[in-house]
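Values reported hereafter were calculated over all heavy atoms of this structure, with side chains retained and with hydrogens, waters and symmetry mates removed. In the text below, chain A, chain B and the rest are named by the order of the sequence lines, each starting its count at 1.
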Amino acid sequence: MARAYDVQAVEEKWQARWREEETYQVDNDDPRPPFYALCMYPYPSGPAHQGHVRNYTFGDLVVRYQTMQGKAVLSPLGFDSFGLPAENAAIRTGTHPRVFTDARITELKESLIRLGAVYDWRREVRSHDPSYMHWTQLIFLRLFKAGLAYRANAPVNWCPGCQTVLANEQVLPDGRCERSGDVVVTRYLEQWFFKITAYADELLTALDDLEWPERVKLMQRNWIGRSEGAEMDLEVVGRPDVTLTVFTTRPDTTFGMTYAVMAPEHPLVDALTTDEHRAAVVDLRARVAMESELERTVVAETAPALEKRGAFTGSWVVNPFNGEQVPLYVADYVLMGYGSGAIMAVPAEDQRDWAFAKLHGLPIVRTVEPPEGWDEQGGEAYAGDGVKVNSGFLDGLDVAGAKEAAIRFLEREQRGRRKVNYRLRDWLVSRQRYWGCPIPIVYCPVHGAVPVPEDELPVLAPDDVDFLPTGQSPLALDEDFKRTTCPIGGEPAVRETDTMDTFVDSSWYFLRFCDPFDSDGPFSPAAAARWMPVDQYIGGIEHAILHLMYARFFTRAVIDVGLAPPDLPREPFRRLFTQGMIRMDGSKMSKSKGNLVAPERYFRSVGADALRLFHLFVGPPTDDFDWTDQTDEVIDGCGRFLDRLWRLAESAAPAAVRSGPLGEADLEVRRATHRTIQQVTADIERWSYNTAVAHCMEQVNLLQRYVRDDPHADVLEEAVDALLHLLAPMVPHVTAELWERRHAGRLHARPWPKFDASLVSEETVTMVVQVNGKVRDRLQVPVGIGEDDARAAALASSRVVEVLDGEAPSRVVVRAPRLVNVVTAIGSA
RNA sequence: GCGGACGUGGCGGAACGGGUAGACGCGCCGGGUUUAGGUCCCGGUCCCUUCGGGGGUGGAGGUUCGAGUCCUCUCGUCCGCACCA
């Protein structure tokens with residue numbers, strides 16, 4: 001494609017300038033008002049792909065726009081550099097993960113610089129850098145000391161073939177190991193957790209005030225999964241020594257409890273199973289243990305299988321509301337991880353209980369009157385509202401009222417209490433991997449789990465380990481690393497060989513950016529206070545739940561353990577923007593799918609500006625985009641637009657144009673210029689980049705016509721200069737170059753243009769005249785036209801007179817100056 | 001199954017608080033300049049039409065002077081969660 005200018009030369013020139021002039025380095029004592037703009041730091045997987053291009057184009061636009069708005073914009077970037085792909089590459093090729101990762105970082109960084117995205121590279125952090133790991137480990141220890149990190153036995157996906165733990169992503173949909181094909185089983189290991197559940201309620205309620213997409217807030221709400229109900233302590237017949245605690249969201253239905261169920265993993269199963277039923281229960285538990293979580297949920301959809309999935313324990317429990325004795329079962333449809341791991345079963349008002357009761361021949365008692373015809377239409381469990389029946393003192397109440405009355409009864413009788421339950425579980429951070437941040441703990445036979453002293457941090461994994469395709473972490477096999485002494489008593493001890501989930505690294509990097517030069521702590525409180533919270537966070541929707549939840553938790557935790565000042569905002573990201581995914585043939589564009597379209601070829605052809613403009617223009621930033629055969633043509637079109645812009649700006653040679661007084665045509669162009677400033681500014685503020693670009697295109701089209709006519713020098717100058725400002729954050733190279741050719745100085749250091757209010761308001765507008773809602777005429781009227789004049793003008797319209805054909809209007813709706821609707825009796829009938 | 005989002009020309013999309021549906025771009029059609037061009041410039045492009053106009057935003061209803069926009073039902077696509085008591 002022949003271009004109007006040497007794209008590559010211009011882009012390389014300006015990228016060098018921005019680097020040499022340190023344009024986007026911002027010090028913590030910068031006097032301008034602060035603005036913290038942050039794109040989620042990337043996992044370095046090699047050169048940028050289109051998803052990166054889209055993300056960092058948006059981010060760069062924000063940085064440059066806010067800078068032109070007069071802010072001190074903090075624009076840091078780093079790399080989420082720990083993770084499994086590097087470790088797998090090490091096993092495959094023998095290259096150390098660090099060497100592999102650093103090479104990928106270099107590639108990605110080069111792509112981003114070539115895109116023209118600007119950062120304060122002094123602040124770059126990498127998760128695997130010892131100076132970052134140091135503080136990740138310190139935070140871990142402080143959480144441990146505050147009781148927010150703890151050790152517990154937890155189920156993991158265990159591959160018997162590989163003799164190792166698998167991440168959920170490594171388990172295939174059929175429940176087999178992706179490497180060996182063995183059936184994955186559940187196993188229990190001692191692992192580290194962060195107590196995120198302690199913050200469940202705060203993480204939920206604080207969502208309300210965030211300027212985040214509703215979709216993301218909703219996903220977080222569902223993930224936290226708050227439900228209100230009651231906990232009840234059930235007596236076990238003949239066993240005064242134990243009570244079985246159950247959780248229910250429907251305490252109003254307790255009169256309908258016809259049996260109770262424990263999860264197979266429930267600690268009371270052994271104690272409450274009678275000898276007569278032990279064999280069946282043991283059998284059930286063994287089968288459940290062999291099953292993966294997946295199998296357990298998938299097969300459950302076929303109802304007959306339920307029969308095999310429950311077993312009577314031989315014990316009976318007592319209904320606290322009516323004293324009746326009901327049988328106690330073990331069944332795998334009850335999960336140990338939710339509520340208390342045991343339920344009261346009310347088949348009439350819960351569909352799963354209904355199915356189970358039918359199969360086991362258990363009684364069903366309705367406690368809510370279902371709607372008329374429910375049974376006749378084959379309705380089973382009825383979970384809706386209605387009048388309480390068969391429920392003693394609750395009869396006649398509605399469900400909500402009965403719930404309250406039931407809870408009051410339980411609390412008065414001391415048989416239970418109001419209880420809020422969350423779906424959210426504590427965060428399991430242990431990973432049986434090498435390429436992650438080691439957990440700084442030593443196990444001593446005398447003192448147990450002992451923190452590594454803070455002055456001995458960071459704990460670094462040894463480099464000279466073998467990466468073998470066994471699935472075992474090389475750390476666990478390294479005796480030199482493992483063997484140590486107890487920090488308290490000096491006894492022989494062993495190190496923790498697990499590393500931390502990489503989500504731990506990404507849960508505080510935005511705090512480190514405030515002051516990455518600090519060697520006394522993870523970040524200085526003063527620096528955090530200056531920049532936090534992040535004013536604009538930008539990233540992919542795929543992080544809507546885990547990363548964003550963990551980061552919100554971590555910010556609170558570091559405040560509460562005293563690492564951050566108590567008055568630091570507890571929400572790290574004030575505004576969040578989630579961009580859409582780039583798709584190809586219906587699936588996400590990604591390296592693993594092999595459907596990447598590398599940006600490099602566009603840098604070499606149309607240039608970074610055209611590619612950036614394409615990503616801004618192609619559709620709403622939040623929407624997914626399908627990369628198709630037509631896409632290259634659209635990108636070429638963006639290049640053609642930049643050519644037109646170039647020719648337009650270069651054609652404005654003062655000698656060739658008119659001076660002197662302005663005519664009406666000149667005024668029209670001035671109005672268009674100021675309206676464009678108004679529209680583009682508003683569009684950028686509301687993240688409507690596609691329409692912002694469209695308005696700039698319209699203005700170029702208009703100015704092209706104006707240049708051909710008889711342009712006025714001042715009017716053309718104003719128009720082109722304004723346009724260059726508006727496009728500066730979007731296509732920084734070409735606009736910077738054109739500005740330099742026209743004026744001295746740096747375009748991107750200039751203030752954002754302001755529009756003249758008197759010029760954006762038009763003097764006349766088109767008034768639409770409708771008859772019965774159909775457009776019949778369009779009149780040019782003064783913008784300040786009164787209601788009466790508008791009505792009169794509309795009724796005087798020859799088109800209206802014609803359509804009315806003598807009929808008198810029954811009503812005239814006037815919305816001056818834009819619209820008049822003449823309504824006739826016939827039309828409104 | 002539960003929760004949510006979205007359905008507009010050949011295509012991506014615009015229409016911000018109910019008020020001119022289709023901005024801008026791609027593609028396509030026609031013309032011009034160069035003519036080596038896949039360059040550049042100009043015009044046209046929702047459908048039907050007897051050229052008066054009529055119809056049209058997945059489908060069916062409704063509210064309203066007026067609905068792409070609000071309400072009900074329905075069909076379709078996508079996303080999140082999924083035996084959560």
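- Taking side-chain N and O atoms only, A/Arg640 has a distance below 4.0 Å to OP1 or OP2 of B/C26.
- Dashed line: the shortest gap from a side-chain N or O of A/Arg811 to OP1 or OP2 of B/C65 is under 4.0 Å.
- Under 4.0 angstrom from either OP1 or OP2 of B/A82 there lies at least one side-chain N or O belonging to A/Arg423.
- Of the P atoms belonging to B/U33 and B/C41, the separation is 16 Å, rounded to the nearest Å.
- When each of A/Asp623 and A/Arg708 is assigned the nucleotide of RNA chain B bearing its nearest heavy atom, the one mapping closer to the 5' terminus is A/Asp623.
- Put simply, CZ on A/Phe356 is 18 Å from P on B/A85, counting in whole angstrom units.
- Residue A/Asn821 is classed as a base contact, given a heavy-atom separation below 4.0 Å to a base.
- For the P atom pair drawn from B/G52 and B/G59, the interatomic distance equals 31 Å after rounding to whole Å.
- Comparing the P positions of B/C16 and B/G22 gives an interatomic distance of 13 Å, to the nearest angstrom.
- Taking atom C1' in both B/G56 and B/C47, the straight-line distance is 7 Å, to the nearest Å.
- Comparing B/U20, B/G12, B/A15 by their closest approach to the side chain of A/Val775 singles out B/U20.
- One atom, CZ of A/Arg776, and another, P of B/C65, lie 19 Å apart when rounded to the nearest Å.
- Within 6.0 Å of CZ on A/Arg675 lie more than 12 heavy atoms contributed by other residues, nucleotides or ligands.
- The glycosidic torsion of B/G9 lies within 90° of 0, placing the base in the syn range.
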Stepwise, does the side chain to side chain contact (heavy atoms under 4.5 Å, CB included) test hold for A/Val334 with A/Glu265? CA-CA 10 Å; A/Val334 174; A/Glu265 304 89 346; over 6 Å; no
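- Comparing A/Arg644 and A/Glu802 along RNA chain B, the residue whose closest nucleotide (by nearest heavy atom) sits nearer the 5' end is A/Arg644.
- Out of B/C24, B/A85, B/C26, the shortest distance to the side chain of A/Thr249 is found at B/A85.
- Listed nucleotides B/A23, B/C40, B/C81 differ in distance to A/Arg647; the shortest reach to its side chain belongs to B/C40.
- Under a cut-off of 6.0 angstrom, the local environment of NZ in A/Lys217 is crowded, with over 12 non-hydrogen atoms contributed by other residues, nucleotides or ligands.
- Outside the 6.0 Å centre-distance limit, the rings of A/Phe625 and A/His615 are not counted as a close aromatic pair.
- For A/Phe58 and A/Tyr689, the ring centers sit closer than 6.0 Å to each other.
- We find that CG of A/Asp353 is positioned 20 Å from P of B/G1, with the value rounded to whole Å.
- Relative to the side chain of A/Phe625, the nucleotides B/A85, B/G12, B/C24 differ in distance, and B/G12 lies closest.
- Two rings, from A/Tyr259 and A/Phe356, have their centers less than 6.0 Å apart.
- At whole-Å resolution of the value, CG in A/Leu328 and P in B/A85 are 20 Å apart.
- Across all strands, A/Val618 comes closer than 4.0 Å only to sugar-phosphate atoms, never to a base (heavy-atom distances).
- Rounded to a whole angstrom, the distance from the P atom of B/G76 to that of B/G58 is 16 Å.
- If you check B/G22 for Watson-Crick or wobble pairing at under 3.5 angstrom, you find it has no partner at all.
- As judged by a 4.0 angstrom heavy-atom cut-off over every strand, A/Leu819 is placed among the base-contacting residues.
- Contact annotation: the side chain of A/Phe503 approaches that of A/His547 to within less than 4.5 Å [non-hydrogen atoms, C-beta and beyond].
- Rounded to whole angstrom, the span from the CG atom of A/Leu702 across to the P atom of B/A23 amounts to 16 Å.
- Nucleotide B/C40 forms a Watson-Crick or G-U wobble pair with B/G32, both donor-acceptor distances falling under 3.5 Å.
- If you measure from atom CZ of A/Arg583 to atom C1' of B/U77, you get 10 Å, rounded to the nearest angstrom.
- Going from the P atom of B/G7 to that of B/C71 covers 14 Å, rounded to whole Å.
- Summarising the base pairing, B/C2 is matched to B/G80 through a Watson-Crick or G-U wobble pair whose two defining distances lie under 3.5 Å.
- Its glycosidic angle being within 90° of 0, B/G52 falls on the syn side.
- Put simply, A/Gln770 has no side-chain N or O that comes within less than 4.0 Å of OP1 or OP2 on B/C65.
- When the nucleotides B/C26, B/C65, B/G12 are ranked by their closest atom to the side chain of A/Arg815, B/C65 comes out on top.
- For B/U72, the paired nucleotide is B/A60, the pair qualifying as Watson-Crick or G-U wobble because both relevant distances are below 3.5 Å.
- In this structure, A/Gln220 atom CD and B/G4 atom P are separated by 17 Å, rounded to whole Å.
- A close approach under 4.0 Å does occur between a side-chain nitrogen or oxygen of A/Asn690 and OP1 or OP2 of B/A14.
- When side chains are defined from C-beta on, A/Val822 counts as touching A/Leu795, because their heavy atoms get closer than 4.5 Å.
- Base-pair partner of B/A15: not found among the strands shown (Watson-Crick or G-U wobble, both distances under 3.5 Å).
- As judged by a 4.0 angstrom heavy-atom cut-off over every strand, A/Arg226 is placed among residues making no nucleic acid contact.
- Under the 4.5 Å side-chain criterion, counting only non-hydrogen atoms from C-beta, A/Ile196 is in contact with A/Leu424.
- The partner of B/G52, taking Watson-Crick or G-U wobble pairs whose two distances both stay under 3.5 Å, does not exist in any strand shown.
- Side chain of A/Val634, nearest nucleotide from B/C26, B/G3, B/C65: B/C26.
- Checking B/G13, B/A15, B/A85 against the side-chain heavy atoms of A/Pro620 singles out B/G13 as nearest.
- When both distances must be under 3.5 Å, the Watson-Crick or G-U wobble mate of B/A67 does not exist.
- Rounded to whole Å, the separation between the C1' atoms of B/A23 and B/G12 comes to 13 Å.
- In this entry the distance linking CE of A/Met219 with P of B/A82 reads 13 Å, nearest Å.
- When each of B/C79, B/C16, B/C26 is scored by its nearest atom to the side-chain atoms of A/Arg215, the top-ranked nucleotide is B/C79.
- Rounded to whole Å, the P atom of B/G66 lies 32 Å from the corresponding atom of B/G13.
- Residue A/Glu698 is classed as a sugar-phosphate contact, given heavy-atom separations below 4.0 Å to backbone atoms only.
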Run the numbers on A/Ser227 and A/Asn421 for side chain to side chain donor-acceptor pair (under 3.5 Å), then give the verdict. CA-CA 5 Å; A/Ser227 53; A/Asn421 231 310; 5.8 Å; no
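- Of the listed nucleotides (B/G12, B/C83, B/G55), B/G55 has the atom at the smallest distance from the side chain of A/Lys774.
- The side chain of A/Met697 lies closest to B/C24 when the candidates are B/C24, B/C83, B/A85.
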